[in-house]
Amino acid sequence: MITPSSTGNWLLAALLLLPLVGAAVVVALRGNDHVAKLAALAFSLVEFVLGVVAWIQFEPGGARLQQGFSLDWIPSFGVHISFAVDGIALVMIAVIGLLVPLVIGAGWADKVPEGRTKGGFFALILLEQALTVGVFAATDVFLFYVLFEIMLIPMYFLIGSYGGARRQYAAVKFFLYSFLGGLIMLASVIGCYVLAGEELGKNTFDWSELTSVVSKAPLETQIWLFLGFFVAFAVKAPLVPLHTWLPDATAEAPIGVAVLLVGILDKVGTFGFLRYLLPMFPLASKELAPLVLVLAVVGVIYGSMLATGQRDMKRFLAYVSIAHFGFIALGIFAFSSQSMVGSVTYMVNHSIATGMLILVVGMVIARGGSTRVADYGGMAKLTPVLAAMLLIAGLSSMSLPGTNSFISEFLVLIGSFPNAPVYTIIATVGMVLAALYVLWLYQRIMQGPLRGDALVGAAGGPGTMIDPEIGAKRAIADLNGREKLVLAPLVLLIVGLGLYPKPVLDVVTPTVDATMCQAALVDPVQSAPSAQSGERQSQCR
Amino acid sequence: MTGTINLAGTLADGAQQATGVANLAWLLLVLPAAGAAVLLIGGRRTDKWGHLLGSATVIGAFVYGLVLFFDTTALGADDRTRDLHLFDWISVNSLSVDLGLRLDPLSLTFVLLITGVGSLIHIYSIGYMSDDRDRRRFFAYLNLFVSAMLLLVLGNSFVTLYFGWEGVGLASYLLIGWYQGKDFAATAAKKAFLMNRVGDVGLALAIFLMFKHMGSTSYDVVFAEIGNQSTGVVVAIGILLLLGACGKSGQFPLQAWLPDAMAGPTPVSALIHAATMVTAGVYLIARSSPLYSLAQAEDARFVVMIIGAITLLIGCVIGCAYDDFKKVLAYSTVSQIGYMILAVGLGPAGYALGILHLLTHGFFKAGLFLGAGSVMHGMNDEGDIRRLGGLAKKMPITFITWTLGYLALIGFPFLSGYFSKDAIISAAFSAGGGRGWVFGGIALFGAGLTAFYMTRLLILVFLGKPRWEKLKSEDGRAYHPHESGPTMTIPMIILSIGSVAAGAILSGMLPGWLEPSVGELAEVHGPLSHTAVSILTVGISAIGAAIAFAVFGRREQPVTRPQRVSWPVRAARADLYGNHLNEALFARPGVWLTRFLVFVDNRGVDGVVNGIAAGLGGSSGRLRRLQTGFVRSYALSMLGGSILVIAALLMVRFA
Amino acid sequence: MSLMSSVLLLAQEQPAPPKVEAPPVSAIWPILIVLGAACLSVLFEALLPKHLRWPAQVTLALLTIAAAGVKLVTYVSDAPAAGETAMFGTLAVDRPALFLWGTLLALSLGAVLLIADRSVEPGGAFVASAAIRPGTIQDRAQVASTGMQTEVFPLTLFALGGMMVFCAANDLLTMFVALEVLSLPLYLMCGLARRRRLLSQEAAVKYFLLGAFASAFFLYGVALLYGYAGSVRLADIAEAAAGSDRSDTLLFAGMGLLVVGLLFKAAVGPFHTWTPDVYQGAPTPVTAFMAACTKVAAFGGILRVLQVALESTQWEWRGVLWGVAIVSMVIGAVLGLTQTDVKRMIAYSSVAHAGFLLIGSIALTEKGLSGTLFYLLTYGFTTIATFGVISLVRDSSGEATHLSQWAGLAKRSPLLAGVFTFLLLALAGIPLTSGFVGKFVVFEAALADGMAPLVVVALIASAVAAFFYLRVIVLMYFSEPAADGPTVTVPGAFTTAAITLGVIVTLLLGVAPAFALDWASSGVFAIR
Amino acid sequence: MTPTYYLLLSALLFTIGAVGVLVRRNAIVVFMCIELMLNAVNLSLVTFSRINGSLDGQIMAFFVMVVAAAEVVVGLAIIMSIFRTRRTASVDDSNLLKY
């Protein structure tokens, strides 16, 4: 049980409720697009500020779960509405707070399909924000499950109502995949609950209490329960071969939604690995680690190769993410604090880098009106700033040193190497492939002579005007002020966190240490004075 | 964190904390980086003065480098290794990586090379790029490169080195792809980056091994602990580092990107792909000298030497066959770096020699490239030497400076190359036994080939009759060769002075100066005396040059390359089939595999899912036909169900 | 009935139950009120002038339900925890029975509201005169008229009374009689649709013939069990099964036949074949009543029979019912995928739900009981509201139940689409709806009772079933509406009230289910 | 004569009734078959009553008869109405509702 701390109490509640209120307000205002947009932006900005405040108030060396509050919900099951954050949840909530205003800003001028309103779109985004914040902050497993499932619904409508041509297929596929995974997890959730009920003699869904009971269960029990959770998280994450919903969903979703989908929603899976799988099922985690590692490494290579084989930019982005999620899973199941911290920072940095990549690709698509790579070529000539942005996002995606993603990929790999050298070596091949697919995309779209239907040909329809001065369509202009404003924070973070990742590392490391401790894991490479670690062994935070 | 530094402080050969003027060493990185940032963010607003700012920052860095150099020379030999801790960079429990600088003779040597040559090339570029409307951006990239390169050589851990290592890769990528509107430039840039990444993987894996076995990646700890490691670990790290070096330095088997990199503007070729970046591999091995010097590293050293020897031959052979001015120089670079790698592969006997050749090569090869640039600048960017000829009269300064560089390269007595290359050849002979004869022989033979292809270049470009008079360049203009302006000629002159004098000056001082970094230059005695080797080398070079004169100097050369040539020439023209091999081994199977995987993903993985869905739908469609609407069939199904239930119950009970 | 019981008492040479004195009427007041009102309602029908009948019948029905509810509540507050028997031991009034009664009354309130509505379909959903032949001029006239046959009200009340008796029946004969009391009115009600009379009549015939067929099975089962145990009292059967030397063939054949009869009523596959046809053909308010209340009553009976009478033989029948549950879930989920009629689709959904309910029923634990009871409550309300919404989507020929007609409905009526989406999500079992909590409690009970594989099958079936719910949502939201699509009628007060009731309960039990869970788990079958 | 024969006869009658439901088309005949099944049950009940030595079974048989009578009323009403509509009593003709 979490005892409410004096300061965090209102803060987390506000973080959860504000987007909900925002969604309601925006829906109410949807008659007037402009006002609704402003309201949505305002709410998301305030939420961002709250997230920053939460970060500042978080004490990295303090209790495992902080800023918590708890209310009774269903007493007969011992279900509580209890939220709190640890370092991992905190950084993810901060990322959500960062991305949502940017997504709103990026989608500011996009047209919505006929019969829909901008207000409805932004309201759904705010709703999704509230739910995802809840998923990361929930400390009651029942509550987690509930939020885990219902966060599908706004996303389902975001894809289905505002998406591309095959949006129905994509939305249903997305929903069914996640829902089936969630249902299988439900079986495990109930299993843990039943187990805890037998052990403790009382009904509880409290994460800490469940963890303390389930982690002592015999291996076989743990394996079954582990698998239930794992399937749900692996679908979300997505690990090969449960990934095929993502390319379809990403390809059909509007750009902003794709950012949320890949940047936030999918992170719930890897978050679940860390928060639920390792602490709750330490024996099973160790037993099944090779399985996950294989899937992770396969994901790295497979996702990378498929990314190079895509003809559609948005599908490309999905496969890039699949490769990246392979790295994240590798880091988590390589069982060292470096690799796990790497994975958590990877989650953050992937949101920033891939989020930016998606936004930039969206800007490309908005100009050319086509998602096919083949419709572009030599665009840098027309839009040098846009090209630079694509390159920066791409470089971060391939984890170039100096960008944020390098820190995480480096930590994942160097941390994984001592425990899982073979997997790590295979995964390093992904580094080369990452360069291959990023540069491939950049070359096809931005470099070479001006070409492609989207820029000079017929893709825009017969009425498209070719501007004689630039030799391309009139619609092809470089980034405007709003777009620059949207991308600027991301560029700053990419470079800033690449050079000085300490703020993130310091917040994440204690939580990862606690997770390692709960899972009875010891770093393969100990720091020289080992007395400290021995002391840490004695009790987990 | 600070732990490593304190730990290092207790070691005998550890670094001292930097003080005084050295405390500002971060300026070296920040000056050019700030220049790049201002130019990139400022955009078109900085067009007017961007090139000046770019040059100024690098010159400023050079000046500071000089100050630092003299500051260091003022110290005793034991105090010349200093560390500057900037901030904790990546720190998670037992892993701690600082962003810290290592100021020692080795890194300072490189600082001077980089900022010095860098300054000259910045100045040269002001003229060379004057027609380019994006000149500002070019300077930004150059500054970015200088900054990253300085980080590479100044970092005090392998991770900071890796940071700079990939940073220069990025700058190189941007600059090779400078003419990105052209497909070949974009492809060359991508190829360079990718092949470098392959090498980088080696470097990265070496770092992982260090962390696993030594718990740190800083030079101090790694070099202190490396002696306690098993032979397997040492050799593995040694070979992986070599893989990194191969990528960056264009060594076999990753040499194919370097000639393609000539797609970039010539100053880039001079600075990055001749004088500085490509020598990073040599730096890496020299920097890791405590590792390579170990007895356990014998095998690793041997591999280094083999790679160096193979590469130097490949470079020479291919250089003989190419008709592209810059590509010949590029293969020359490949081969010269082969010499350096061979030298550092010799261990304590060769580190200083490798660095010496690196420095002299930096002067003359940069000068050669700038000369080539000057020629192309005056010849409508024509790079095909068969379409040049007789330019000596039209471009006297270029001709003279270029010829000095040429002489230095082929080892003309008492010019730079004579000192550095001869020393390497001599050391190679002393590698011991049959090994010495083989490596020495290869190095000697390479010297002859070098003289051959460089002389060929000299003849075809500057001497003979002009072949360009009746031709037009690709864009339809006639050729009007002319001497370049002072911003271009002055750097060439300075570099040619360096080409002449550097060897003589440095060969005496350098080994002693570098001693704190790479150890004492071991005295070796081979089967041939140093003098004998010198005479042999000069003789063979002279023969090579003479053959070139005999073949190319006496008769008129055709404007197009002859097609009917012997197989060695064909092979050399095809890069000794290196690209074909890459294509056949990696590129094409990769494409096939990708297509196959796309198919598998769409039809296989996704197909299973869609197949299950379709199967459910299909069975649903068939099953619903059972709901016939006839009440009697419903009754039948109920009866059947009942019988089944009862039968099952009875079976459970009685069976 | 009292006669029979006393005869039984005489016949059995065993000590009489302790309470020979006046039967505790207070316990069964709700039943008496409902059945009494049903009789009164028949009188109304016979005596009142035509124009008064509708208001009088509606008032009577609502008042009856209210009064029975009040009586139930007052009784519950001081009911003995161990339960008590009534009517000479034929009725067991224990906690589950009371919960089921409450559920039935509450659900029938919704159903009666739907039945009573005369604004959605002018004059109500029921035929003005059942004797009119479909397709004739009179039929067209009755479609246009605003009169309606009010006989549906006494029928509803009788059926309700039968259901209440059914789930409290303490012996099999009472159960059989109650089964017929609840079924016979329903057969008739199915044939009363004002429009599409052919379908309606066909539904009635099918339901009747198959229902009677199933009754025969049930009855034969009763007879065999009587032969086995020498009594039809559930407690006696349990006692005999625990330690009798009679032929087990009688026991198991009887048990099988009995269970088949019950499963038929509960629309569990493979005894579900009537369900889609009848659900589709019957007037929608009747479908709502059937789907919600009959399911409650049938599972009430199943629970009581399994837990009270057959508990000792559970290891024999459990495996068989596992199989039945799986078949039911699979049939419901898979066949629902390709349905083109929304009512048929919900029918298959109910088959799948019957499978889930059966899982809870065969977990013979307190949790299994309370979980199933809770599930019945949640499912009933969701279903009532679902059919209420379905009745609102109409075109010129009546309800537009073909799915293609629902395309783009969200654009025409966002509110209706939103409500229907919510209900579909509840049926799919998405959290924060009652459907999720219901599934949760049932699955929890099953897992705790060691039925993990069954739960996994159920979860997969849920996911498959989710597809067809989603399909409707996709149609409503993401498809373009057809040019001549149906309109959404603005519902009158009654239908609005019914839908609102269903939606609110669905939401409430999803968000704050604690109180209802407490009710459902307040006691077990105490009369054994 | 042991009561078992009555039970077997009862089972036989029940089966005949069930098969009749399956094979006959006329709704009235189908319904009669169901009645036959009910009466077969009655025979069983009475037999068991005899075997068990209690009167319950016989009383139950009366109940069944009453219930069956009520069922007849309802059933014939339904069948009549559909017969009036379709002019046929064949159950196979009512299959508008299917699939």
Side-chain angles (χ1 to χ4, degrees), chain B residues 90 92-93 589-655, chain C residues 202 205-210 212-214 217-218 220-221 224 248-249 251-261 263-264 268-278 313 315-324 327-328 330-331 333-340 344 347-348 464 467-468:
Chain B
I90 310 173
V92 176
N93 294 340
V591 170
W592 290 334
L593 184 62
T594 303
R595 282 194 196 137
F596 171 71
L597 285 180
V598 170
F599 178 81
V600 165
D601 202 57
N602 289 338
R603 296 291 154 77
V605 183
D606 207 24
V608 168
V609 176
N610 287 335
I612 290 173
L616 279 175
S619 55
S620 173
R622 272 188 290 280
L623 279 176
R624 70 194 278 247
R625 295 275 147 191
L626 294 178
Q627 188 82 9
T628 52
F630 293 113
V631 80
R632 296 186 300 129
S633 79
Y634 296 176
L636 179 64
S637 76
M638 280 173 58
L639 185 68
S642 325
I643 290 171
L644 275 180
V645 165
I646 293 164
L649 277 172
L650 293 175
M651 259 175 56
V652 171
R653 172 63 186 82
F654 295 109
Chain C
E202 183 180 325
V205 169
K206 284 180 172 171
Y207 193 22
F208 167 71
L209 287 178
L210 294 172
F213 192 54
F217 280 88
F218 180 87
Y220 199 36
L224 295 182
D248 277 350
T249 314
L251 172 65
F252 286 102
M255 180 197 300
L257 289 164
L258 183 77
V259 166
V260 165
L263 294 178
F264 172 86
V268 179
F271 311 103
H272 69 285
T273 39
W274 59 278
T275 320
D277 291 6
V278 174
T313 48
W315 300 115
E316 279 83 3
W317 54 255
R318 220 173 182 188
V320 178
L321 289 191
W322 269 52
V324 172
V327 168
S328 190
V330 169
I331 285 180
V334 171
L335 283 178
L337 291 176
T338 45
Q339 295 307 314
T340 52
R344 275 182 98 77
Y348 279 108
V464 175
F467 177 78
F468 57 76

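Each chain gets a letter, A, B and so on, in the order its sequence line appears, and its residues count up from 1.
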- Message: At a 4.5 Å cut-off on heavy atoms, which part of V327(C) comes close to chain B: side chain, backbone, both, or neither?
- Response: neither

- Given a strict heavy-atom distance threshold of 4.5 Å, which part of V320(C) is in contact with chain B: side chain, backbone, both, or neither? side chain

- Task: Specify which of S619(B), G629(B), A613(B) makes the most heavy-atom pairs with chain C at under 4.5 Å.
- Result: G629(B)

- Message: Can a donor-acceptor pair be found, under 3.5 Å and without considering hydrogens, that links the side chain of T275(C) to the backbone of A347(C)?
- Response: no

- Please say which of V260(C), L263(C), V259(C) ends up in a side chain to side chain contact (heavy atoms under 4.5 Å, CB included) with S642(B). V260(C)

- Pick whichever of L626(B), L644(B), V652(B), L649(B) has the most heavy-atom pairs under 4.5 Å with chain C. L649(B)

- Measure distances from I331(C) to the heavy atoms of chain B and classify the residue's part below 4.5 Å as side chain, backbone, both or neither. neither

- Return the orientation label for the W274(C) and F264(C) ring planes: parallel under 30°, perpendicular over 60°, tilted otherwise. tilted

- Task: Say whether, by atom type as modelled, one donor and one acceptor occur between the side chain of S328(C) and the main chain of V268(C) under 3.5 angstrom.
- Result: no

- Message: My understanding is that only one of L209(C), D277(C), T273(C) makes a side chain to side chain contact (heavy atoms under 4.5 Å, CB included) with V631(B); could you say which?
- Response: L209(C)

- Just give me the residue among R653(B), M651(B), R622(B) that pairs up with chain C most often, heavy atom to heavy atom, under 4.5 Å. R653(B)

- Do you know which two heavy atoms are closest between L337(C) and F468(C), and how far apart they sit? N-CD2, 3.5 Å

- Message: If I measure from the heavy atoms of chain B, does A214(C) come under 4.5 Å with its side chain, its backbone, both, or neither?
- Response: both

